[in-house]
Amino acid sequence: QVQLVETGGGLVQAGGSLRLSCAASGLTFSNYAMGWFRQAPGKEREFVAVISRGGRTTAYADSVKGRFTISRDNAKNTVHLQMNSLNSEDTAVYYCAADFASSLGYIRRGEDQYEYWGQGTQVTVSS
């Protein structure tokens, strides 16, 4: 069974940083583009960032561009989200997701395209 497990969430003050990690198992990790999504209370789940299977192509939501960095280590089957300059609008449950990719540079933003999802990790930014 495919499993994605997010870790690294927690409580942080505005302006601070957190690093989320997602460990994947049960799939050929390097065949998947990996994305991060988030869902705040009362809001729809939204795209945050994605990284291609080869790790050289990335995309970010405008709201996090310049503050968040996605990375992956295919040897360790992990993907990370470094979050800096956090503000209250970043408070949400953050989810890791896997999108089967046909080429190294393939990336998509739509959550409906992602086949596997983790359980989520809570990020709370205090003002």
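With hydrogens and angles ignored, the 3.5 Å screen pairs no side-chain donor or acceptor of R109 with any backbone N or O of A49. N31 contributes no side-chain N or O that, together with a main-chain N or O of A101, makes up a donor-acceptor pair within less than 3.5 Å.
Applying the ring-ring contact (aromatic ring centres under 6.0 Å, His included) test to pairs two or more places apart or on separate chains, those with a residue in residues 86-108 are Y32-F100. Residue pairs meeting the disulfide (SG to SG under 2.5 Å) criterion with at least one partner in residues 8-112, sequence neighbours excluded, are C22-C96. Screening residues 38-65 for ring-ring contact (aromatic ring centres under 6.0 Å, His included) gives F37-F47 as the qualifying pairs, with residues at least two apart or on separate chains.
Using a 4.0 Å cut-off between charged side-chain N and carboxylate O, R38 and E44 make no salt bridge. Between R53 and D99 no salt bridge is recorded (no basic side-chain N to carboxylate O distance below 4.0 Å).
The shortest non-hydrogen separation linking A24 to L4 is CB-CD2, 3.4 Å. The two residues A40 and T91 make their nearest non-hydrogen contact at CB-O, 3.5 Å. Listed here is the closest heavy atom pair of R56 and S52: N-OG, 3.5 Å. Heavy atoms only, all atoms of each residue included: D90 and F68 are closest at OD1-CZ, 3.8 Å. Between R108 and V50, the closest heavy-atom pair is O-CG2, 3.9 Å. Between A59 and I107, the shortest heavy-atom distance links the atoms CB-CD1, 3.8 Å.
Residues M34 and Y114 are not in side-chain contact: their nearest non-hydrogen atoms beyond the backbone lie 4.5 Å or more apart. Contact check for V79 versus I70: side-chain heavy atoms found under the 4.5 Å cut-off. Proximity of M83 to L20: side-chain heavy atoms (C-beta onward) are separated by under 4.5 Å at one or more points. Within the 4.5 Å cutoff, no side-chain heavy atoms of R45 are placed close to those of V93. Looking at heavy atoms from C-beta onward, T7 lies out of side-chain contact with T121 at the 4.5 angstrom threshold. I51 places none of its side-chain heavy atoms less than 4.5 Å from the side chain of T57.
With sequence neighbours excluded, the residues that form a side chain to side chain contact (heavy atoms under 4.5 Å, CB included) with Q3 are V5, S25. Qualifying side chain to side chain contact (heavy atoms under 4.5 Å, CB included) partners for L11, counting only residues two or more places apart in sequence or in other chains: T124, S126. Every residue meeting the side chain to side chain contact (heavy atoms under 4.5 Å, CB included) condition with A14, not counting sequence neighbours, appears here in chain and number order: V125.
Between the CG atom in N77 and the OG atom in S30 there is a gap of 8.0 Å [rounded to 0.5 Å].
One side chain, S17 or N84, offers a donor N or O that lies under 3.5 Å from an acceptor on the other.
Screening H80, K76, E6 for a side-chain hydrogen bond (donor to acceptor under 3.5 Å, both in side chains) with S21, the sole residue that qualifies is H80.
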